[in-house]
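Order of the sequence lines fixes the chain letters, A, B, ..., with proteins taken first and strands second; residue numbering starts at 1 for each chain.
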Amino acid sequence: MMKMFMISCLDSTMHHSRKMDGALGLMGRLALKIHLAHCPPCTQAASSMDLLRLAMRNVAAGDTPHGDRLVSRNPPSSPQ
Amino acid sequence: MPMERSSTETTQRWPELEVERDWLFRQALWRLRDRDAAEDIAQEAWIAAWQSRGTWNGKGKLRSWLAGILRHKVLDHLRAKYRTGISAETELEPQEEGLEVFDSNGMWKEPVATWGDPAEALESGAFWTVLETCARVMPESQYRLFVMRELDEIETREICQTLGISHENCHVLLHRARMKLRLCLDKKWRRAA
């Protein structure tokens with residue numbers, strides 16, 4: 001029974017990615033939870049994927065000074 | 001020319017919209033990674049905003065309203081660009097980067113570095129600089145999906161339809177995009193710090 005919840009670290013990252021997209025079923029979520037509880041590296045990897053999402057949402061909001069600065073070099077001239 | 005008239009009119013009548021021109025361009029550039037296309041799309045969005053100024057109720061953030069207009073323009077652009085769909089099969093084959101950190105049993109080959117406090121990372125200029133660098137070199141299909149999902153928060157179902165790829169490939173590409181970007185930041189930002 002427990003074997004079905006045993007996943008590799010690669011699977012764990014795939015599960016986490018699917019979870020971020022709302023595409024991970026109950027069994028997958030359970031397997032991921034069990035794996036992350038015992039795997040610090042995968043927990044770190046999951047956190048870093050979450051941070052990437054947070055960063056992109058900050059870019060979308062346009063209220064991060066660094067994110068705003070990034071692509072503002074050589075802005076286009078206004079059509080006048 | 002309507003564009004010129006609009007620009008002059010907005011400066012006089014709606015200065016708030018005028019000052020968002022550069023912001024629109026930057027948002028378009030993040031989504032398209034192509035300066036020419038970004039300029040065109042940002043311009044189209046800006047003009048559309050001016051033309052539909054009557055629908056702006058003045059409540060909420062102007063940028064949120066503009067972002068909605070820009071999103072539609074970008075999606076229209078992508079639908080036209082990917083009329084025949086991304087060639088998912090050819091996109092999937094050579095892009096194992098990001099997954100080479102696992103051995104044949106799917107276990108990490110090396111320890112995974114901690115990225116520390118997210119709030120600190122977001123305040124770090126180095127983080128943003130490396131993020132931009134890493135995003136620029138991502139394969140087109142992966143970046144396209146990643147941006148649609150993470151920047152525009154579009155549901156994967158709609159992304160698949162827009163880009164003409166299967167759900168399964170959509171998830172595979174998103175996973176690889178996240179892993180590739182994560183690995184790039186790991187190497188160039190986290191471990192270099």
Side-chain angles (χ1 to χ4, degrees), chain A residues 3 6-25 28-29 31-32 35-36 38-80, chain B residues 1 3-4 7-8 18 21-23 25-27 29-30 35 38-39 42-43 61 63-64 67 99 101-102 105-108 111-115 118 121-125 127-129 131-132 146-147 149-153 155-156 167 170-172 174-179 181-182 185-186 190:
Chain A
K3 271 193 172 177
M6 290 176 67
I7 57 175
S8 68
C9 294
L10 170 59
D11 290 338
S12 151
T13 62
M14 291 173 74
H15 277 38
H16 185 71
S17 182
R18 282 179 179 264
K19 185 183 169 198
M20 292 173 80
D21 299 324
L24 188 63
R29 291 202 301 275
L32 177 63
H35 184 94
L36 291 181
H38 299 96
C39 185
C42 285
T43 303
Q44 295 293 350
S47 297
S48 58
M49 282 197 264
D50 292 340
L51 176 56
L52 289 176
R53 164 165 288 181
L54 189 60
M56 297 310 279
R57 299 286 156 89
N58 273 262
V59 170
D63 55 12
T64 59
H66 295 303
D68 239 24
R69 175 180 58 82
L70 281 181
V71 290
S72 61
R73 290 173 297 220
N74 308 315
S77 54
S78 294
Q80 293 296 330
Chain B
M1 197 172 157
M3 191 188 302
E4 291 170 351
S7 180
T8 308
E18 180 62 29
R21 190 190 294 276
D22 185 51
W23 179 81
F25 166 71
R26 282 180 272 120
Q27 290 290 313
L29 189 55
W30 262 105
R35 294 192 70 84
E39 282 190 36
Q43 190 72 279
K61 287 185 175 178
R63 284 186 174 183
S64 301
L99 303 186
V101 290
F102 298 106
N105 294 317
M107 300 304 183
W108 298 98
V112 177
T114 174
W115 282 21
L122 295 176
E123 286 300 314
S124 158
F127 171 81
W128 289 103
T129 303
L131 175 61
E132 185 194 23
F146 181 77
V147 162
R149 183 74 191 109
E150 304 295 29
L151 206 59
D152 288 324
E153 301 182 45
E155 293 298 324
T156 49
H167 271 231
C170 209
H171 289 300
V172 170
L174 273 169
H175 173 245
R176 289 185 184 177
R178 289 175 175 131
M179 290 300 289
L181 200 51
R182 200 202 70 78
L185 274 139
D186 214 37
R190 202 61 257 176

Under 3.5 Å donor-acceptor, Arg57(A) side chain and Glu150(B) backbone: yes
Between Gln27(B) and Ala61(A), is there a donor-acceptor pair closer than 3.5 Å when you use the side chain of the first and the backbone of the second? no
Could you check if a side-chain atom of [X] sits within less than 4.5 angstrom of a side-chain atom of [Y], using non-hydrogen atoms only?
X	Y	answer
Ser8(A)	Phe102(B)	no
Phe127(B)	Leu51(A)	yes
Leu52(A)	Leu185(B)	yes

Report which part of [X] has an atom under 4.5 Å of a heavy atom belonging to chain A: side chain, backbone, both, or neither.
X	value
Pro118(B)	both
Ala121(B)	side chain
Ala177(B)	neither
Thr114(B)	both

Under a 4.0 Å N-O cut-off, is there an ion pair linking Arg178(B) with Asp21(A)? yes
Can you tell me how far the [atom1] atom of [X] sits from the [atom2] atom of [Y], to the nearest 0.5 Å?
X	Y	atom1	atom2	value
Leu131(B)	Met56(A)	CG	CE	6.0 Å
Met107(B)	Cys39(A)	CE	SG	7.5 Å
Leu151(B)	Arg53(A)	CG	CZ	11.5 Å
Trp108(B)	Cys9(A)	CH2	SG	7.0 Å
Leu54(A)	Leu122(B)	CG	CG	5.0 Å
Met179(B)	Ser17(A)	CE	OG	9.0 Å

Going through the checks in order, is the side-chain contact (heavy atoms from CB on, under 4.5 Å) test met by Asn58(A) and Trp128(B)? CA-CA 11 Å; Asn58(A) 273 262; Trp128(B) 289 103; 4.1 Å; yes
Under 4.5 Å from any heavy atom of chain B, what part of Ser48(A) do you find: side chain, backbone, both or neither? both
Do the side-chain N and O atoms of His175(B) and Thr13(A) include a donor-acceptor pair separated by under 3.5 angstrom? yes
When heavy-atom pairs shorter than 4.5 Å are enumerated against chain A, which of Asn105(B), Asp186(B), Val112(B) gives the highest number? Val112(B)
